Amino acid sequence: MRGAVKLLIGLGVVGALLVAADRVAVGVAEDQAADAAVSSGWLTGKPDVEIGDIPFLTSAVAGELDQVSLSSDGMTVTDGKEKVTVHSFRANLSQVKFTDSYRGVTVGRGDGQGVVDYKELAKFMNGSGLLGLEYAGPGTVKAAVPGGGIEGKLRSEGNDLVVDNLQLTGAASVLKGVAGDRLKPQRYHLAGLPKGLSLAEATPEAGGVRLRFTVAPGTSLGR
């Protein structure tokens, strides 16, 4: 009986050590993945990384992880002139393989999303004669012009943000003759997106424009 008790205690200790080793290993891997996201230019600040594969060591030995997520406020996009911050960026990655002694990461599949607030996004409109930018309802944004306003539909087209179907509001009869250029579709190309990311969708919401991205298969992160 005593022998059985000792055996059970021994197995329990071994199990606890294995779990502890697994948690240490996943912590190291998460830290390395976070460093890879920064060194590759995906993010300007080190993100929070969570590996959901349990046990981690089993997946690591198999050479592929299927539940990796990273989140950060440190992502930026640019139209080639102005740079804006994407808040609450989160990416979900699968078929993830570590390379170069865990200093690099190759992603098989993934997607991500984040929000750009309207004050930030308005930077893209500098020089357009449009003042500010606000939510105006599902799929719609609005901006002010002297004496009135303009509303339009915001959407994505490839890696471009497009505002079209523009209509004058307020003192439209006064502005109609002088706002021709402002009624033309506005297009802002998101140049220099982090490698492997493509813009999939842009959706106006009350708190900002939600940008959704796809990750190209085989995208490599790291030094």
Side-chain angles (χ1 to χ4, degrees), residues 15-78 83-117 155-161 189-205 207-223:
L17 291 174
L18 289 175
V19 170
D22 191 79
R23 294 301 88 196
V24 170
V26 78
V28 171
E30 288 172 345
D31 192 61
Q32 294 289 358
D35 286 340
V38 175
S39 63
S40 66
W42 256 40
L43 301 165
T44 58
K46 195 169 181 177
D48 293 324
V49 175
E50 182 177 349
I51 296 175
D53 295 61
I54 297 176
F56 165 74
L57 288 174
T58 301
S59 296
V61 170
E64 186 171 291
L65 305 176
D66 274 323
Q67 298 179 48
V68 179
S69 65
L70 58 87
S71 56
S72 173
D73 275 345
M75 180 182 170
T76 59
V77 296
T78 176
K83 184 180 292 185
V84 303
T85 299
V86 180
H87 298 286
S88 302
F89 176 74
R90 181 179 177 86
N92 297 307
L93 312 175
S94 61
Q95 297 178 0
V96 174
K97 298 179 180 180
F98 286 93
T99 60
D100 191 20
S101 299
Y102 281 88
R103 288 190 291 270
V105 173
T106 299
V107 180
R109 294 185 302 170
D111 56 55
Q113 61 177 290
V115 176
V116 179
D117 65 44
R155 56 186 175 82
S156 65
E157 189 174 284
N159 284 340
D160 292 356
L161 291 177
H189 180 66
L190 299 187
L193 283 174
K195 64 179 181 181
L197 281 187
S198 297
L199 182 63
E201 185 179 32
T203 307
E205 298 178 352
V209 176
R210 183 169 298 279
L211 303 180
R212 292 181 170 84
F213 303 92
T214 57
V215 182
T219 294
S220 178
L221 307 181
R223 296 171 177 82

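Predicted model only: the values in this text are computed from it and were never measured.
A side-chain contact (heavy atoms from CB on, under 4.5 Å) with Leu161 is found for exactly one of Leu199, Val116, Val77, namely Leu199. In summary, of the residues considered (Leu190, Asn159, Val215), a side-chain contact (heavy atoms from CB on, under 4.5 Å) with Leu197 occurs for Val215 alone.
In this structure, the separation between CZ on Arg212 and OG1 on Thr203 is 5.0 Å, given to the nearest 0.5 Å. Atom-to-atom distance recorded for Gln67:CD and Leu93:CG is 12.0 Å, nearest 0.5 angstrom. To the nearest 0.5 Å, the span separating OG on Ser88 from CE on Met75 amounts to 12.5 Å. Rounding to the nearest 0.5 Å places CG of Leu193 at 9.5 Å from OG1 of Thr76. Atom CD1 of Ile51 and atom CD of Glu30 lie 5.0 Å apart (nearest 0.5 Å).
Here His189 pairs with Asp160 under the side-chain hydrogen bond (donor to acceptor under 3.5 Å, both in side chains) rule; sequence neighbours left out. Every residue meeting the side chain to side chain contact (heavy atoms under 4.5 Å, CB included) condition with Thr214, not counting sequence neighbours, appears here in chain and number order: Ser198, Ala200. Partners of Ser69 according to the side-chain hydrogen bond (donor to acceptor under 3.5 Å, both in side chains) rule, which considers only residues two or more places apart in sequence or in another chain, are Arg90. With sequence neighbours excluded, the residues satisfying side-chain hydrogen bond (donor to acceptor under 3.5 Å, both in side chains) with Lys46 are Asp31, Asp35.
In terms of modelled atom types and a separation under 3.5 Å, the side chain of Lys195 and the main chain of Ser220 share a donor-acceptor contact.
A heavy-atom distance below 4.5 Å is found between the side chains of Val68 and Val49. Inter-residue side-chain proximity for Asp117 and Val84 is flagged as unmet; no heavy-atom pair is nearer than 4.5 Å. Proximity of Val115 to Leu211: side-chain heavy atoms (C-beta onward) are nowhere separated by under 4.5 Å.
Looking at every heavy atom in both residues, Val209 comes nearest to Ala202 through CG1-CB, 4.1 Å. Summarising the geometry of Gly218 relative to Thr106, their closest heavy-atom pair is O-CG2, 3.9 Å, with the distance given to 0.1 Å. Between Gly45 and Ser72, the closest heavy-atom pair is O-OG, 3.9 Å.
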Side chains of residues 107-114: which donor-acceptor partners sit under 3.5 Å, not counting sequence neighbours?
from, atom 1, to, atom 2, distance (Å)
Arg109, NE, Ser94, OG, 3.4
Gln113, OE1, Arg210, NH1, 2.8

